[in-house]
**Q** 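Below you'll find the structure I mean.
Within every chain, numbering begins at 1; the chains are lettered A, B, ... in the order of the sequence lines, protein sequences first and strands thereafter. Note that the structure is predicted; figures quoted are calculated from it, not measured.
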Amino acid sequence: MIYLDNSATTKMYPEVVETFATVANNFSGNPSSLHRLGEEASILMERSRIQIADLLGMSASEIVFTSGGTEGDNWVIKGTAIEKMPYGKHIITSTIEHPAVYQSMKQLETLGWEVSYVPVDENGIISVKLLEEALREDTVLVSVMAVNNEVGSIQPLKEIGKILENYPSIHFHVDAVQTLGKIPFNLNDYPRVDMAVFSAHKFHGPKGIGFVYIKKGRVLAPLLTGGGQENNLRSGTENLPAIVAMAKALRMSLDKLTDAPIQLEKQHKIIMGFLDNQSTVDVFSSSKGAPHIICFGISGIKGEVVVHALEKKGIYISTTSACSSKKQLNSSTLYAMNIPKRKAESAVRISMDVENTSAEIDQLVDSLQETIVKFKDIR
Amino acid sequence: MEKIYLDYASTSPMHPEVIQNMTEAFSEYVGNASSIHQFGQKSRGRLDRARRAISKSINAKPVEVVFTSGGTESDNMAIFQCARAHQNKGKHIITTAIEHPAVLRPLEKLESEGFKVTYLPVDSKGEVTTQQVEAAITSETILVTIMYGNNEIGSIMPIQSIGRMLNENYSHIIFHTDAVQAYGIESIDVKECHLDMLSVSAHKINGPKGVGCLYINENIHLPAMLVGGNQEMKKRAGTENLPAIIGFDKAVEITQRDQSDRKKRYTAWKIVLLEELKKANIDVRVNGTLDNKLAHILSIHLVGTAAEKLIIQLDLNGIAVSVGSACTAGSPEPSHVLQALHGQNGTAVHESLRISMGLNTKESDILYLAKKIIQLTKK
Ligand SMILES: Cc1ncc(COP(=O)(O)O)c(C=O)c1O
Ligand SMILES: Cc1ncc(COP(=O)(O)O)c(C=O)c1O
């Protein structure tokens with residue numbers, strides 16, 4: 001079995017599973033309880049928060065735990081909108097955001113907010129110039145993802161940050177779900193970013209847990225209210241086993257990534273080199289994109305058919321993102337990149353992980369070769 | 001030193017079988033349940049199975065159960081989304097004074113947006129009556145949200161009778177109950193109670209934290225709160241947290257094993273505790289009454305004893321109980337539930353303990369608790 005659908009979800013590291021089980025077995029208190037079991041749980045939770053903060057160069061008070069990327073995106077976007085209502089109701093985002101961002105924008109539009117969708121070029125990279133032109137007096141939020149989940153394009157966060165330095169009150173939000181454990185990523189390189197959203201199951205941690213970075217001094221209205229946990233920012237009984245397991249997964253993923261960029265880039269080159277040489281293949285990802293994601297299509301063959309053909313060979317890839325693959329809809333990123341519908345329908349996504357070996361990549365290339373040849377006859 | 005946990009209403013330890021099942025699920029169900037390949041489909045199949053089992057436990061259809069990140073999210077979603085989607089029909093909501101903060105905070109937020117909320121007072125048993133609810137209904141009423149059983153004093157509300165009244169005379173009004181404490185203790189039938197929405201949280205029934213569900217009657221319109229991908233029948237976006245859902249499924253199965261036995265056990269132990277205390281001439285009163293209570297919760301007023309000091313002393317003796325609910329996030333603010341029962345300045349507000357029992361509770365734990373309360377209050 002060769003699993004190449006790591007942008008949809010990753011397999012939990014065995015050590016992370018162990019951590020989860022250990023905490024579940026031994027720390028049963030509610031961190032908010034006043035008794036000792038509660039206090040033990042609370043200490044462990046804060047230790048995980050510090051560990052995550054240290055690994056990413058943040059401070060612990062800037063980290064709020066959530067149930068994952070979707071909640072994080074929904075919260076930052078709507079929380080900013082509500083918090084900043086007195087100052088304006090205009091938001092800027094890109095045309096290639098994940099549905100968690102895009103649908104949040106759509107929801108706000110029905111409630112009276114105005115959203116500018118800044119287009120991307122043929123490589124899936126947002127136009128910084130058009131973003132700058134879209135800025136207005138009443139703009140309260142700019143939301144741009146770090147790495148696109150469908151084609152792997154890396155967005156120019158530094159340049160956007162530079163422009164936003166002249167607009168200090170605008171919240172700059174980054175959906176960074178596809179970064180950690182995939183590419184070297186440190187928010188200290190992007191000092192203008194105010195909020196960033198992360199999800200543990202994309203870096204070998206558990207599902208149902210993630211965190212939001214909120215820069216000191218920035219304020220968000222809460223989305224989930226109730227018991228007042230997480231400093232009144234996110235109510236709900238704290239998910240301690242998942243939080244501790246997430247911290248462990250983050251440390252392991254970052255450790256493994258230390259040498260991996262070179263390895264991932266090498267594998268990326270091999271696959272891209274192969275695909276570029278096929279006359280019946282359209283490659284949608286750019287060679288300058290994130291090395292773990294490659295989006296392409298065998299022309300005239302529906303993506304689903306290719307997914308199933310490779311599946312028969314024990315190789316698991318996907319049709320663009322898992323969230324939209326249920327819809328008959330074309331990949332929204334490809335649509336935004338002006339790829340014609342007919343081509344977009346053929347799109348499939350390979351998403352690698354540092355755990356994938358070169359032998360696996362060789363086998364992938366062989367299988368792709370066979371599949372491409374087979375479909376040449378069918379067409 | 002013995003360690004005795006009597007704070008199950010705050011959170012319950014995960015059952016070893018739940019941990020076992022989840023640990024296996026982490027490696028067995030690798031695929032994202034929304035992916036079209038075979039791993040995805042295997043995950044999807046397991047997800048559907050859990051949904052069937054959990055929906056059956058409340059006599060709902062599988063399509064009526066939406067998985068969430070827990071009780072707080074379920075309550076927030078039920079209240080916010082119902083209010084916003086139905087505000088064209090009216091802006092009045094009826095609830096009780098003793099709801100959980102996960103219900104009260106969203107209602108307060110809605111009040112600030114122009115909704116009117118009636119907070120029904122409770123009687124000396126901690127209950128509201130169907131007549132009270134009916135009397136509060138106006139032509140503007142769109143939602144009635146009343147908890148099934150209270151988390152601090154265990155009082156059970158006449159949900160079936162309220163449901164029947166609403167169904168007969170006001171079928172346009174949506175009826176929600178927070179069953180986070182009642183689920184697993186009481187047998188709940190959403191159809192018999194004419195419920196439109198019901199919130200459940202897994203960690204109260206020895207399941208994992210970070211997962212719960214909201215039952216939504218298929219005939220009512222409730223748009224998603226967390227938007228993004230098309231998961232959960234488009235009612236709740238976010239990568240499905242399958243391992244936790246599998247743990248939830250197991251926990252549900254475990255609660256059904258000896259539900260009526262457990263109820264009898266806990267009820268008998270409450271009497272044991274009260275008798276022991278009375279034998280030692282301790283002035284103890286039950287907050288509410290003993291009958292018609294959630295079997296696992298007992299709130300007692302120890303006349304003349306400062307509760308906060310006592311729980312610290314009990315804690316030093318290895319016994320975990322609580323003053324009110326843990327969910328007020330460690331803040332020892334006076335309990336709004338006890339205030340509703342005894343008046344704002346009633347002495348009981350600061351002299352009450354909540355004891356809550358669960359799967360591992362033994363009679364000897366209760367006897368030990370009685371002994372320690374006697375020792376510590378006599379000092
Ligand atoms: C870029 C991006 N943002 C947000 C999400 C949503 O995260 P989650 O599945 O944790 O809700 C995903 C993954 O599905 C993603 O790839
Ligand atoms: C009655 C009631 N409702 C809601 C909740 C919130 O549930 P959760 O902690 O799963 O968010 C709780 C427990 O904390 C509760 O006791």
**Q** So which atom in P243(B) and which in K207(A) form the shortest heavy-atom distance, rounded to 0.1 Å?
**A** CD-CD, 4.3 Å
**Q** Need one label for E71(A): side chain, backbone, both or neither, based on atoms under 4.5 Å from any heavy atom in chain B.
**A** both
**Q** Pick one of side chain, backbone, both or neither for E240(B), based on which atoms fall under 4.5 Å of a heavy atom in chain A.
**A** backbone
**Q** Report yes or no: do T237(A) and T11(B) form a side-chain donor-acceptor pair below 3.5 Å?
**A** no
**Q** Counting only heavy atoms closer than 4.5 Å, note whether L240(A) contacts chain B via side chain, backbone, both or neither.
**A** backbone
**Q** Kindly check if the number of other-residue, nucleotide or ligand heavy atoms within 6.0 Å of NZ (K372(B)) is above 12?
**A** yes
**Q** For the pair S69(B) and R234(A), evaluate side-chain contact (heavy atoms from CB on, under 4.5 Å) and give the outcome as yes or no after the intermediate values.
**A** CA-CA 12 Å; S69(B) 71; R234(A) 200 283 187 184; 3.3 Å; yes
**Q** Mark yes or no for whether Q107(A), through its side chain, and A224(B), through its backbone, hold a donor-acceptor pair below 3.5 Å.
**A** yes
**Q** Nearest 0.5 Å, please: how far is OG in S235(A) from NE2 in H100(B)?
**A** 9.0 Å
**Q** Between the side chains of H37(B) and S318(A), does any donor sit under 3.5 Å from an acceptor?
**A** no
**Q** If I compare all heavy atoms of V227(B) with all of S104(A), which pair ends up nearest, and what's the gap?
**A** CG2-N, 3.4 Å
**Q** Before giving the answer on side-chain contact (heavy atoms from CB on, under 4.5 Å), spell out for D7(B) and N30(A) the whole-Å C-alpha distance, their side-chain angles and the decisive distance to 0.1 Å.
**A** CA-CA 9 Å; D7(B) 197 15; N30(A) 185 325; 5.8 Å; no
**Q** Given heavy-atom pairs under 4.5 angstrom as the criterion, report whether the side chain, backbone, both or neither of F27(A) touches chain B.
**A** neither
**Q** Rounded to the nearest 0.5 Å, what separation is found between the CG atom of L34(A) and the OG atom of S322(B)?
**A** 8.0 Å
**Q** Against chain A, label V211(B) side chain, backbone, both or neither, depending on which of its atoms sit under 4.5 Å from a heavy atom there.
**A** neither
**Q** OG1/T225(A) to CG/L104(B) distance, rounded to the nearest 0.5 angstrom?
**A** 9.5 Å
**Q** What part of K106(A) is in contact with chain B, defined as an atom under 4.5 angstrom from a non-hydrogen atom: side chain, backbone, both or neither?
**A** neither
**Q** Which region of A244(B), side chain (C-beta onward) or backbone (N, CA, C, O), has a non-hydrogen atom less than 4.5 Å from a non-hydrogen atom of chain A, or is it both or neither?
**A** neither
**Q** Atom CE of M1(A) and atom CZ of F39(B): how far apart are they, to the nearest 0.5 Å?
**A** 3.5 Å
**Q** How long is the straight-line distance from CZ of R36(A) back to NZ of K3(B), given to the nearest 0.5 Å?
**A** 6.5 Å
**Q** Quick one: of L223(A), L37(A), N74(A), T10(A), who has the most non-hydrogen atom pairs under 4.5 Å with chain B?
**A** N74(A)
**Q** Non-hydrogen atoms of chain B under 4.5 Å away: do they reach the side chain of F20(A), the backbone, both or neither?
**A** side chain
**Q** If I measure from the heavy atoms of chain B, does A242(A) come under 4.5 Å with its side chain, its backbone, both, or neither?
**A** neither
**Q** Where does M77(B) contact chain A at under 4.5 Å (heavy atoms): side chain, backbone, both or neither?
**A** neither
**Q** Quick check for you: to the nearest 0.5 Å, what is the distance between K109(B) atom NZ and I82(A) atom CD1?
**A** 4.5 Å
**Q** Checking N32(B) against T9(A): is there a side-chain donor and acceptor pair closer than 3.5 Å?
**A** no
**Q** For the candidates M14(B), E108(B), Q20(B), M225(B), which exhibits the highest count of non-hydrogen atom pairs separated by less than 4.5 Å from chain A?
**A** M225(B)
**Q** Is it the backbone or the side chain of L111(A) that comes under 4.5 Å from a heavy atom of chain B, or both, or neither?
**A** neither
**Q** Nearest heavy-atom pair of P101(B) and G227(A): which atoms, and what distance?
**A** CB-N, 3.9 Å
**Q** Can you tell which part of R236(B) gets under 4.5 Å to a heavy atom of chain A, answering side chain, backbone, both or neither?
**A** side chain
**Q** If you take all heavy atoms of R105(B) and G226(A), which pair is closest and at what distance?
**A** CG-O, 3.5 Å
**Q** Under 4.5 Å from any heavy atom of chain A, what part of N241(B) do you find: side chain, backbone, both or neither?
**A** both
**Q** Of all the heavy-atom pairs spanning I36(B) and H308(A), show the shortest one and how long it is.
**A** O-CE1, 3.5 Å
